[in-house]
Number of protein chains: 2
Amino acid sequence: MVNEKIRKQVKDDFTEYLTLRKHRKTSERYAILDHIYSIDGHFNMDSLYNSMLEACFRVSRSTLYNTIELLLDCGLVVKHQFGAGTAAQYERAYGNENHDHIICVDCGEVRETSNNLISEDQLKKIRKFTVSYYSMYIYGVCSKCSYARRMKLNRLRRK
Amino acid sequence: MVNEKIRKQVKDDFTEYLTLRKHRKTSERYAILDHIYSIDGHFNMDSLYNSMLEACFRVSRSTLYNTIELLLDCGLVVKHQFGAGTAAQYERAYGNENHDHIICVDCGEVRETSNNLISEDQLKKIRKFTVSYYSMYIYGVCSKCSYARRMKLNRLRRK
DNA sequence: ATGTATGCAAACCATTTGCAATGAC
DNA sequence: GTCATTGCAAATGGTTTGCATACAT
């Protein structure tokens, strides 16, 4: 859960974006934005849909996809695609500063790390491009799966 | 196209992997590996399938998926998922050292940059994790789309 | 001879699309 | 009143799965 000041700020940002683009300010759009900013960490369309149901605000999946598109476009939400078969993951863009992800290629677990491996200054070096956000994906094997791999190999060797 | 030494090396690596895991050494598997190492830059399943057809080596899509899975597992191929609706992209892991991608959120164009923004040393700091590879995705708006955005906004303002 | 790998077709499932009903402007 | 937005249902398309056939061991 993010503080009240940020919640107010993102709502105002969204209003400005909608007004400028001549998009309508519907209750669904604000409810979705506010709900997303009550979620800590990652979410996907399914968990967002269910989580909003629980909070007694029913929106169709179409509207979720529709609104997320706007929120991505104005930079209030960030999208991640960790695997092909898996659903896209999202997270709020503010009040959530760590963007480095450590992904286990065996079990698919996604761990986040707080120590950013890259500095903002380095991103400014990129020419002819306006950076809105970045994602660092580090693929490898977590300690649990690393152990499972060793066991499997040992079994094969013994055969 | 990668040099002969690397081609030989990856073939040997693959043989070692298949032997150790008690997988069979089929002509399809070696043909796919060799073909992938003849491709510069990104490819997807469809382009790989067609490209192999042109080279007169017919393999089923199932076998491509099957084999790519093995090549990912032994670290000879790297996988990227830039968007949800789009097909997964792949590239060979050796003879292809740049892993930083600059992706335009508007047109989806993927640009590669040779100057790695991160040092190998920093990756070693991660604990309880064996890093096999990493990908840096930088999202934003390319100069072409940036111009299109400004034009669109100007049109809306005039209305 | 045995059982893994291949190839085809069908299934899967997150996401997108088409369209009638709703509601913001 | 107009037309963008919502919500439902159907379509899409990359990927996965099931199963008969082929072939590496």
Side-chain angles (χ1 to χ4, degrees), chain A residues 14-15 17-33 35 42-53 56-74 77 79-90 105 108 152 155-156 159, chain B residues 14-33 35 42-53 57-74 77 79-90 105 108 152 155-156 159:
Chain A
F14 196 32
T15 300
Y17 172 83
L18 293 175
T19 305
L20 189 55
R21 301 284 171 132
K22 305 250 192 303
H23 288 311
R24 290 180 183 173
K25 297 167 200 65
T26 67
S27 56
E28 286 87 352
R29 285 176 176 168
Y30 285 106
I32 292 166
L33 173 63
H35 200 91
H42 295 139
F43 63 89
N44 59 41
M45 283 306 190
D46 210 52
S47 70
L48 178 60
Y49 180 81
N50 290 318
S51 155
M52 288 196 72
L53 262 193
C56 295
F57 200 105
R58 171 68 167 62
V59 266
S60 72
R61 283 166 200 279
S62 316
T63 303
L64 286 184
Y65 279 109
N66 190 355
T67 304
I68 279 274
E69 200 57 41
L70 297 174
L71 294 172
L72 287 170
D73 191 50
C74 66
V77 167
K79 182 175 181 174
H80 298 288
Q81 189 74 43
F82 296 119
T86 63
Q89 307 249 63
Y90 303 84
V105 293
K152 192 180 169 192
R155 246 179 289 124
L156 284 169
K159 258 191 211 167
Chain B
F14 196 33
T15 300
E16 190 189 327
Y17 172 82
L18 293 174
T19 306
L20 189 55
R21 302 284 171 132
K22 306 251 192 300
H23 288 311
R24 290 182 182 171
K25 298 167 200 65
T26 67
S27 56
E28 285 87 353
R29 286 175 175 168
Y30 285 107
I32 292 167
L33 173 64
H35 200 89
H42 294 139
F43 63 90
N44 60 40
M45 283 307 191
D46 210 53
S47 70
L48 178 59
Y49 180 81
N50 289 318
S51 155
M52 288 196 72
L53 263 191
F57 199 103
R58 171 65 167 65
V59 265
S60 72
R61 283 167 199 279
S62 316
T63 303
L64 286 184
Y65 279 108
N66 189 355
T67 304
I68 279 274
E69 200 57 42
L70 297 174
L71 293 172
L72 286 170
D73 190 49
C74 65
V77 167
K79 182 175 180 173
H80 298 288
Q81 189 74 40
F82 295 119
T86 62
Q89 307 249 64
Y90 303 84
V105 293
K152 194 181 167 190
R155 247 178 289 125
L156 284 170
K159 257 192 212 167

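Protein chains get the first letters and strands the later ones, always in sequence-line order, with residue 1 at the start of each.
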Open item on the list: Measuring only between side-chain heavy atoms, which start at C-beta, is Asn66(B) closer than 4.5 Å to Glu28(B)?
Closed with: no

### Message
I want to check something: taking the side chain as every heavy atom from C-beta on, are Thr26(A) and Thr63(A) in contact at a cut-off of under 4.5 Å?
### Response
no

In whole angstroms, the gap separating C1' of dA5(C) from CD of Glu69(B) amounts to 15 Å

Quick note, Ser60(A) side chain, CB onward, closest among dA9(C), dG7(D), dT15(C) is dG7(D)

Comparing nearest nucleotides in DNA chain D, the 5'-proximal residue of the pair Gln89(B), Thr63(A) is Thr63(A)

Taken to the nearest whole Å, CG/Asn66(A) to P/dA4(D) is 13 Å

Rounded to whole Å, the CZ-P distance (Arg21(B) to dT25(D)) equals 17 Å

Do Arg29(A) and Leu71(A) have side-chain heavy atoms sitting under 4.5 Å apart?
no

Atom CZ of Phe82(A) and atom C1' of dT15(D) are separated, to the nearest Å, by 20 Å

Review point. Once the angle between the rings of His80(A) and His42(A) is folded into 0 to 90°, is it parallel (under 30°), tilted (30 to 60°) or perpendicular (over 60°)?
Key: perpendicular

Rounded to whole Å, CZ of Arg29(A) lies from P of dG7(D) at a distance of 11 Å

- Message: Just so I know, are the side chains of Leu18(B) and Leu70(B) near enough to count as touching, which here means a heavy-atom distance under 4.5 Å?
- Response: yes

Atom CE of Met52(A) and atom P of dT6(D) are separated, to the nearest Å, by 11 Å

- prompt: Using the ring of each side chain (for Trp, its six-membered ring), is Tyr30(B) parallel, tilted or perpendicular to Phe14(B), with breaks at 30° and 60°?
  reply: perpendicular

### Task
Just call it for Arg61(A): base, sugar-phosphate, or nothing, with non-hydrogen atoms closer than 4.0 Å on any strand.
nothing

Notebook entry, point to check: dT6(C) phosphate, OP1 or OP2: any side-chain N/O from Arg58(B) under 4.0 angstrom?
Noted result: no

Each nucleotide of nucleotides 20-25 of chain C classed B (base within 4.0 Å of a protein heavy atom), S (only sugar-phosphate) or -, in 5' to 3' order, makes ---BBS

Item to check | Within-4.5 Å side-chain heavy-atom neighbours: Gln81(A) and Thr86(B) | outcome: no

Of dT6(D), dA14(C), dT16(D), the nucleotide closest to the side chain of Tyr65(B) is dT16(D)

Is any side-chain nitrogen or oxygen of Asn44(B) closer than 4.0 Å to OP1 or OP2 of dG14(D)?
no

note: Leu70(B), atom CG; dT4(C), atom P; distance rounded to Å ~ 14 Å

Between CD1 of Ile68(B) and C1' of dA5(C) the distance, given in whole Å, is 16 Å

